[in-house]
Amino acid sequence: MKYLCLIYENEKSWETMPPAESDAIMNEYFTFTADIQKNGKLVAGEALQPTVTATTVRVRNGKVSTTDGPFAETKEQLGGFYLIEAKDLNDAIQVAAKIPSARLGAIEVRPVVDFSTESAKREEAAGARA
Amino acid sequence: MKYLCLIYSDETHWANIPQTEYDSVLGEFFAFTKQIRDQGKYIAGENLQPTRTATTVRVRNGRISATDGPFAETKEQLGGFYLIDTPDLGDAIQVASRIPSARYGCIEVRPVVDFS
């Protein structure tokens, strides 16, 4: 099963942190990433630039509108993500808890849709209706 | 440059639309994904299960706490993402505007950190 781990933390705390401390956390991140890569659990992962660089895009009546800033203002902000492969939700929670920011902010763990089983489920439902 | 496109829309809308409409939007998503794949702009993309399946994890004083539900309750919910590779933000916005959900909800486009 694939899970998306969304990393939320106060981005301001990074700006005011002494460099020695942010370097130490960055190193923890590199170690964590290397570990889950070795375990075969890493699918993808990225750190995001601060929310001041966000653009929100909408299309209404065929016209594209863009606004500066993120979709929602939150006390803690989405700062990055890992897409992981885990046995089950509990395994995913164990992995998420090892993300350094779990100590500083919060990690939202979301199962992803598996379209191979999803279409089988729908065919089954269609079969049941037939 | 890599950009993360976060797809926000009202997930109750998806739960309530007729199957034919659902299939048609899903077909649009598959066509969009194929198109950006063919253009070499696709890196990754996933559709998320509804926010009621979300778990929020925190570690405080070495102890793990897990709560049911997403980090924040919002009117529209994160339903999926695409990680894309485009020359600049203008191009990323063009790609984002072609994601079918841009017509129903919105797409938050975020540049990613290039550690190199």
If you check every heavy atom in [range] against those of chain B, which residues fall under 4.5 Å?
range: residues 78-100 of chain A; result: A/Leu78, A/Phe81, A/Leu83, A/Leu89, A/Ile93, A/Gln94, A/Ala96, A/Ala97
range: residues 10-28 of chain A; result: A/Met26
range: residues 61-68 of chain A; result: A/Val64, A/Thr66

What part of B/Lys75 gets closer than 4.5 Å to chain A, counting heavy atoms only: side chain, backbone, both or neither?
-> neither
Below 4.5 Å from any heavy atom of chain A, which atoms of B/Ile99 appear? Answer side chain, backbone, both or neither.
-> neither
On a heavy-atom basis, which atom in [X] and which in [Y] lie closest, and how many Å separate them?
X: B/Phe71; Y: A/Glu76; value: CE1-OE1, 3.4 Å
X: B/Gly105; Y: A/Arg60; value: O-NH2, 3.0 Å
X: B/Glu108; Y: A/Ala72; value: OE1-N, 4.4 Å

Are [X] and [Y] joined in one hydrophobic group, where the rule is that I, L, V, M, F, W and Y side chains link up if heavy atoms are under 4.5 Å apart?
X: B/Val113; Y: B/Ile84; result: no
X: B/Tyr22; Y: B/Ile7; result: yes
X: B/Phe32; Y: B/Phe30; result: yes
X: A/Ile7; Y: A/Phe32; result: yes
X: B/Ile36; Y: B/Leu89; result: yes

Per-residue contact mode, A/Thr74 against chain B (heavy atom under 4.5 angstrom) = side chain
Which portion of A/Leu4 sits near chain B, non-hydrogen atoms under 4.5 angstrom | side chain
Reported CD-to-CG distance for the pair B/Glu46 and A/Asp114, which is rounded to 0.5 angstrom = 9.0 Å
How far does CZ of B/Phe115 sit from OG1 of A/Thr33, to the nearest 0.5 angstrom?
-> 8.5 Å
B/Val112 backbone acceptor or donor facing A/Gln49 side chain under 3.5 Å = yes
Write out, in numerical order, the residues from residues 47-66 of chain B with a heavy atom short of 4.5 Å from a heavy atom in chain A.
-> B/Asn47, B/Leu48, B/Gln49, B/Pro50, B/Thr51, B/Thr53, B/Ala54, B/Thr55, B/Thr56, B/Val57, B/Arg58, B/Val59, B/Arg60, B/Ile64, B/Ala66
So B/Arg110 and A/Thr55, side-chain contact (heavy atoms from CB on, under 4.5 Å) or not? Walk me through it.
-> CA-CA 7 Å; B/Arg110 299 277 302 270; A/Thr55 308; over 6 Å; no
